[in-house]
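Everything on this sheet refers to the single structure shown next.
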Amino acid sequence: MSFLTFPKLLKRKPSSQEESKKSIKVGIPKFLNIWGTAPFWVGFFESLGLRVVFSSDTSEEQYRTYGKGRITMDSCFPVKALAGHIGELLQKDINILFVPMIYSLPSFLKGHVLDTLCCTRVMMAPENIKAGFLKERDEFKERGIKYVSPFVPFAEPELLPKYLYEALKDAVDGLTYNQVVQAVKEGFEALEEFERSMRSKSLEIMRWCVANNRPALLVLARPYHMDPGIGHEIDAEFQLYGYPILWYNYLPIDDWLLDWLGISLDISDVWTSSYSSNTNEIIWGAKFASKFPWITGVIRLSSYECGMDQPTFTPVQKIVESSGTLFFKFGELDETKPAGSVKIRVETIVYYLEKYSQEIIKKKLSRLGDIPKKLLEPVSQSA
């Protein structure tokens with residue numbers, strides 16, 4: 001046996017079933033909690049040898065063109081927008097339409113307040129919107145697309161393989177339970193790697209603010225407000241004025257930083273009625289913003305009549321303003337993007353940021369000890 005033939009023996013020839021999997025395309029609507037879990041789904045399906053096709057960002061054209069006639073009577077625009085995402089994917093070359101009902105989410109928080117449940121309206125959105133595509137005829141069957149909508153409890157990872165296998169086994173020929181177990185593992189690894197890289201990037205931005213004594217803004221919103229059609233790119237408007245934007249869910253959580261700020265990953269001191277994962281993390285983000293000197297302003301985004309957000313408006317504002325940090329809210333965001341009024345409000349907010357930021361930084365620094373050396377490390381060129 002030569003050394004050249006040996007590697008060929010190790011190179012296993014894919015079975016015909018594995019080859020056939022490569023041709024399977026899984027369409028995933030880029031909506032609601034997919035914005036917080038997308039790396040998991042990419043890692044999961046790639047592990048199974050399937051290809052992922054996401055829908056576009058939410059837009060008025062998508063909403064009107066593909067969601068027309070299928071939108072339910074729901075006051076939550078992010079939920080209604082799902083109809084446009086599903087309708088768009090039905091026009092694409094996909095074999096499976098994967099619309100998970102995410103019951104709970106992974107969370108970085110610890111301590112007494114730990115529940116990680118999702119908004120029930122968001123969780124049931126797949127069933128709610130699906131009905132619009134079945135009321136006159138089965139549009140999924142008509143296009144030869146298998147609709148798969150598993151129950152997904154991210155907070156109980158040991159249950160994920162069972163639910164995902166049961167949902168996918170009839171849609172993917174030859175799929176085994178052990179393959180799904182491995183895919184779930186790789187999905188979590190992909191999600192953790194993504195979040196690690198995002199927290200590292202946030203830390204680099206914060207180091208830049210320290211090195212240049214420049215203020216930053218923190219956005220408190222649901223992850224789906226990163227969708228330009230849901231959050232209306234309000235964060236981008238501030239970046240045009242030179243203000244770096246940080247999102248609460250990707251703030252660094254290193255012990256040395258939290259120790260310096262005097263906060264932990266427990267929010268039970270300010271929020272005891274724990275229920276929603278996003279809500280808990282928004283509360284924690286408010287605590288972080290109230291302590292970190294170079295976050296001089298907080299931007300709160302919320303969509304129309306969000307029942308999960310309502311109880312948090314006052315506590316979040318009080319926590320942020322207790323330290324002198326500026327607080328601004330853009331509430332009741334829906335499909336209408338009032339571009340003119342947004343620009344006027346941004347200009348007004350920028351005026352206050354420019355006027356008070358240096359004073360806020362100075363006051364918040366006076367309440368802390370010496371700046372940690374790790375926060376003074378040089379900023380990488382990629383920041």
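Quick caveat: nothing in here was measured; it's all calculated off a predicted structure. Reckoned from all heavy atoms, side chains included, excluding hydrogens, waters and symmetry mates.
At a cut-off of 3.5 Å, with distance as the only test, a side-chain donor of Arg222 or Thr279 sits close to an acceptor on the other residue. Checked by atom type, the side-chain pair Glu156/Ser104 shows no donor-acceptor distance below 3.5 Å. Side chains of His225 and Ser302: no donor on one and acceptor on the other come within 3.5 Å. Between the side chains of Gln62 and Asp57, not a single donor N or O lies within less than 3.5 Å of an accepting N or O. For the residue pair Thr116 / Ser277, no side-chain donor-acceptor distance below 3.5 Å is found, with atom types taken as modelled.
Of the listed residues (Leu257, Leu258, Leu246), just one forms a side chain to side chain contact (heavy atoms under 4.5 Å, CB included) with Pro252, and that residue is Leu257. Under the ring-ring contact (aromatic ring centres under 6.0 Å, His included) test applied with Tyr147, the options Phe133, Phe140, Phe98 reduce to a single match, Phe140.
Geometrically, Arg199 engages Phe108 in a cation-pi contact, judged by NZ or CZ lying under 6.0 Å from the ring centre and within 45° of the ring axis. For the pair Lys329 and Phe313, the distance from NZ or CZ to the six-membered ring centre is under 6.0 Å and the angle to the ring normal is within 45 degrees. At least one test fails for Arg196 against the ring of Tyr250: distance under 6.0 Å to the centre or angle within 45° of the axis. Both tests do not hold together for Arg300 against Phe328: distance to the six-membered ring centre under 6.0 Å, angle to the ring axis within 45°.
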Does Asp266 form a side chain to side chain donor-acceptor pair (under 3.5 Å) with Trp284? I'd like the steps, not just the answer.
CA-CA 8 Å; Asp266 186 355; Trp284 182 83; over 6 Å; no
Any chance you could lay out the salt bridge (Lys or Arg N to Asp or Glu O under 4.0 Å) test for Glu60 and Lys337, step after step, and finish with the verdict?
CA-CA 9 Å; Glu60 184 174 352; Lys337 182 181 180 181; over 6 Å; no
Stepwise side chain to side chain contact (heavy atoms under 4.5 Å, CB included) test for Ser323 and Lys364:
CA-CA 7 Å; Ser323 65; Lys364 290 167 82 173; 4.2 Å; yes
Determine whether Leu160 and Val152 satisfy the following criterion, side chain to side chain contact (heavy atoms under 4.5 Å, CB included), listing intermediate values before the conclusion.
CA-CA 6 Å; Leu160 276 183; Val152 180; 3.5 Å; yes
Side chain to side chain contact (heavy atoms under 4.5 Å, CB included) for Leu164 and Phe44? Distances and angles first, verdict last.
CA-CA 10 Å; Leu164 294 176; Phe44 175 80; 3.7 Å; yes
List the steps and the verdict of salt bridge (Lys or Arg N to Asp or Glu O under 4.0 Å) for Lys363 and Glu359.
CA-CA 6 Å; Lys363 283 185 178 177; Glu359 182 182 338; 3.4 Å; yes
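Using a 4.5 Å cut-off between side-chain heavy atoms of Ile, Leu, Val, Met, Phe, Trp and Tyr, with links allowed through other members, Ile299 and Ile344 fall into different hydrophobic clusters.
When all heavy atoms of Trp260 and Gly369 are compared, the pair lying nearest together is NE1-O, 3.1 Å.
Checked against the 6.0 Å centroid criterion, the rings of Tyr243 and Phe238 do not qualify as a close aromatic pair. The distance between the ring centers of Tyr224 and Phe31 does not fall below 6.0 angstrom.
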